[in-house]
Amino acid sequence: MQAEPIRQVVIVGGGTAGWMCAAVLARVLSPQQVAVTLIESKDIGTVGVGEATIPTLKDLNKLLGIDEAEFVRQTQGTFKLGIEFTDWGRLGDRYIHPFGGFGLDRPEVRFHQMWLKLRALSADAGDISDYNLSLVAARLNRFSPSGGKGLLATMRHAYHFDASLYGRYLRRFAEARGVNRLEGIVIGVEQRNDGFVSGVVLKDGRRVEGDLFVDCSGFRGLLIEGALKTGYVDWSHWLPCDRAFAVASENVGPLLPYTRAMADQAGWRWRIPLQHRMGNGYVYSSQYLDDDTARARLLATLEGRPLAEPHLLKFKGGHRRRMWEKNVVAIGLAGGFIEPLESTGIHLIQMGVARLATLFPDRGFEPALIEEFNRQSTVEYEQIRDFIILHYKATQRDDTAFWRRCRDMDIPDSLQQKLELFRTSGRIFRYKDELFAENSWLAVMLGQRIVPRSYDPVADSIPVDHMSRAIVELRAGILKAAESMPEHAAFIRSNCQADTVDL
Ligand code: FAD
């Protein structure tokens, strides 16, 4: 017999995770059948970071029916074509990990294999970075929306936005669709004899009951860990950074269409350009750098005047052993955190909510649904983890103890195998549903000086003169397409400038 349906969903936390969950559940569930309540506390506040995204966010916006120009305007957003990495392979190195593909693949062989072959022949192959339209446009500070036909179809984009404005934007969306918001501090979690959560108790004495609880309470993990003690898979031996200082500053210079990730003595610094300000941070390892020095370094390297005091965040790379336990699903920082490099936090929230929606239970809480959720979530975290570790491991820097440790550390077998495969003949495989596609691995591996010894012999089946001609034409075509785009700031001015700024 089918169990009773879920009638009450309670989301604990109103950061990006809480409001993303609320918006999606309000969109996909019928408010007549399922009531969604979100509890948040102004006194506790949110983590206040998480302002760079990846192109998958466009799928969420599509699901929610969000208009892109309106969304960018309301969140003081800008467009993102990739991430520029400086000083990662060696001091002085610079590369962009762009969204979208490199060159044009043939059915029988990948573009980069043809490029590797031409390089091996010392032909005019140019730099791999000349063959990605997002990258070339980013380098020229140009922007045009991705999609469409021809070369534009190879492009992809994402956004930078003000995290608090994004939360407010989603809150308006969710409340307009019936989500009930409660302001209050959760001080207690009530459990039935079988451990299922039956309700949470607020500081003012109110009690909020529910059938399903979504823990979006941030690093605290009030329900998933505080009450259910699911434990944590700790990856700090592979992910050396465990702290960050974040601070906003005034904008100086051109509004760039990409995030910047600048390696520093014991970690890296970020720059996230928004219409009204720049987001900055220094992510570092507390084993190799003390807080005062990190804070001073962040402030000393700002390009514009700071707009607030830097705030310190502490984290541990990894995830809950079980992100869904009994009737509690942990999403966002409550579920885990890898680290900010490559901007995957918001994506993981999006995937967590989407997964919850596709595996939405009834009050029977079938173990098969829970196990599937946990299995998929774990695979996803591990795949992203490997890609992040790659950035640290693939360094030739030996100027600080931090970088020497990264260079010499052991890495997961899954990453080791990917590296060996690439080193032999440039082959890269994307495993099922893996977030980072071949182009991402290619950009970072080549950008950090991992050069294949050879190439795929299938590239030998294409006549060299044909390949040479085609690649030169492609390079020129990509440059021309990028040069014909408007400047990033000009595009925003014409389409989605916020009312309060003058770009
Ligand atoms: P929080 O923002 O911490 O929200 C927790 C909520 O729970 C708040 O509303 C709080 O008030 C509430 N709460 C907590 N305890 C209680 C209680 N007792 N009672 C009531 N309410 C309570 N991700 C990206 O995609 N891109 C990035 O560029 C990026 N940069 C990052 C940089 C750093 C340094 C860090 C640490 C993270 C970054 N992330 C990034 C991750 C991203 O910030 C988070 O995934 C995202 O903000 C979601 O946070 P959250 O909602 O889970 O937690």
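Ligands are counted one by one from 1 in listed order, and the atoms in each one are counted from 1 as well.
- With R355 as the partner, the side-chain hydrogen bond (donor to acceptor under 3.5 Å, both in side chains) test is satisfied by one option alone out of Q350, E372, E380: E380.
- In this structure, Y284 has its ring center under 6.0 Å from that of Y282.
- A cation-pi arrangement is absent between R493 and F491 under the rule of less than 6.0 angstrom and at most 45 degrees off the ring axis.
- Looking from atom 38 (C) of ligand 1 to the surrounding protein, the closest heavy atom is F337 CZ, 3.7 Å.
- Nearest protein neighbour of atom 26 (N) of ligand 1, counting heavy atoms only, is A52 O, 2.7 Å.
- Residues F85 and W268 keep their aromatic ring centres 6.0 Å or farther apart.
- Residues passing the ring pair (Phe, Tyr, Trp, His ring centres under 6.0 Å) test with F365 are F196, sequence neighbours excluded.
- Taking the six-membered ring for Trp and the full ring otherwise, the centers of Y159 and F71 sit less than 6.0 Å from each other.
- Only the side chain of A244 comes within 4.0 Å of ligand 1, counting heavy atoms alone; its backbone N, CA, C and O stay farther away.
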Report the C-alpha distance between D162 and H276 in whole Å, list the side-chain angles of each, state the deciding distance to 0.1 Å, and finish with yes or no for side-chain hydrogen bond (donor to acceptor under 3.5 Å, both in side chains).
-> CA-CA 9 Å; D162 178 318; H276 61 323; 3.0 Å; yes

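- Within ligand 1, the atoms closer than 4.0 Å to a non-hydrogen atom of S343 are 25 (O), 26 (N), numbered from 1 in the order shown.
- The W270 neighbourhood of ligand 1 comprises atoms 32 (C), 34 (C), with distances under 4.0 Å to a heavy atom of that residue.
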Passes side-chain hydrogen bond (donor to acceptor under 3.5 Å, both in side chains), Q76 versus H160? Steps please.
-> CA-CA 8 Å; Q76 297 273 2; H160 305 111; over 6 Å; no

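- Within ligand 1, the atoms closer than 4.0 Å to a non-hydrogen atom of L313 are 34 (C), numbered from 1 in the order shown.
- Less than 4.0 angstrom separates some heavy atom of E51 from each of these atoms of ligand 1: 27 (C), 28 (O).
- Among all non-hydrogen protein atoms, the one lying nearest atom 51 (O) of ligand 1 is A17 N, 3.0 Å.
- For atom 15 (N) of ligand 1, the nearest non-hydrogen atom from the set R220, K42, H160 comes from R220.
- If you check which protein heavy atom lies closest to atom 52 (O) of ligand 1, you get L333 N, 2.9 Å.
- Within ligand 1, the atoms closer than 4.0 Å to a non-hydrogen atom of T46 are 2 (O), 9 (O), numbered from 1 in the order shown.
- Atoms of ligand 1 lying under 4.0 Å from at least one heavy atom of P340, given by number and element, are 30 (N), 31 (C), 32 (C), 33 (C), 34 (C).
- With hydrogens left out, the protein atom closest to atom 16 (C) of ligand 1 is I44 CD1, 3.3 Å, a heavy atom.
- A perpendicular orientation is assigned to the rings of F219 and F337, their planes being inclined by more than 60° (bins at 30° and 60°).
- Taking the six-membered ring for Trp and the full ring otherwise, the centers of H311 and F245 sit at least 6.0 Å from each other.
- Qualifying ring pair (Phe, Tyr, Trp, His ring centres under 6.0 Å) partners for H347, counting only residues two or more places apart in sequence or in other chains: none.
- Applying the 4.0 Å criterion to heavy atoms of G332 picks out, from ligand 1, the atoms 52 (O).
- Residue E303 is tested with R277, R271, R269 for a salt bridge (Lys or Arg N to Asp or Glu O under 4.0 Å); the sole match is R271.
- With atom 10 (C) of ligand 1 as the reference point, the heavy atom nearest to it among G15, G14, S41, G45 is part of G45.
- Both the backbone and the side chain of V186 come within 4.0 Å of ligand 1, judged by heavy-atom distances.
- Note on ligand 1: G184 sits in its first shell, one or more heavy atoms being nearer than 4.0 Å.
- Nearest protein neighbour of atom 33 (C) of ligand 1, counting heavy atoms only, is V49 CG2, 3.5 Å.
- Using cut-offs of 30° and 60° on the angle between ring planes, the pair Y381 and H319 is tilted.
- With a heavy-atom cut-off of 4.0 Å, I349 touches ligand 1 through its side chain alone.
- If you check each of C216, G336, G281 against atom 5 (C) of ligand 1, the one with the closest non-hydrogen atom is C216.
- In this structure, F387 has its ring center under 6.0 Å from that of H97.
- Residue-to-ligand polar distances place G345 within reach of ligand 1: an N/O pair is separated by less than 3.5 Å.
- Considering only non-hydrogen protein atoms, atom 25 (O) of ligand 1 sits nearest to I346 N, 2.7 Å.
- In this comparison of L341, V47, L222, the heavy atom closest to atom 3 (O) of ligand 1 sits on V47.
- Ranked by closest heavy atom to atom 12 (C) of ligand 1, the top entry among C241, G218, G13 is G13.
- Protein heavy atom closest to atom 40 (C) of ligand 1, with residue, atom name and distance, is G50 CA, 3.4 Å.
- Side-chain atoms of S129 and R139 form a donor-acceptor pair, as typed in the model, at a separation below 3.5 Å.
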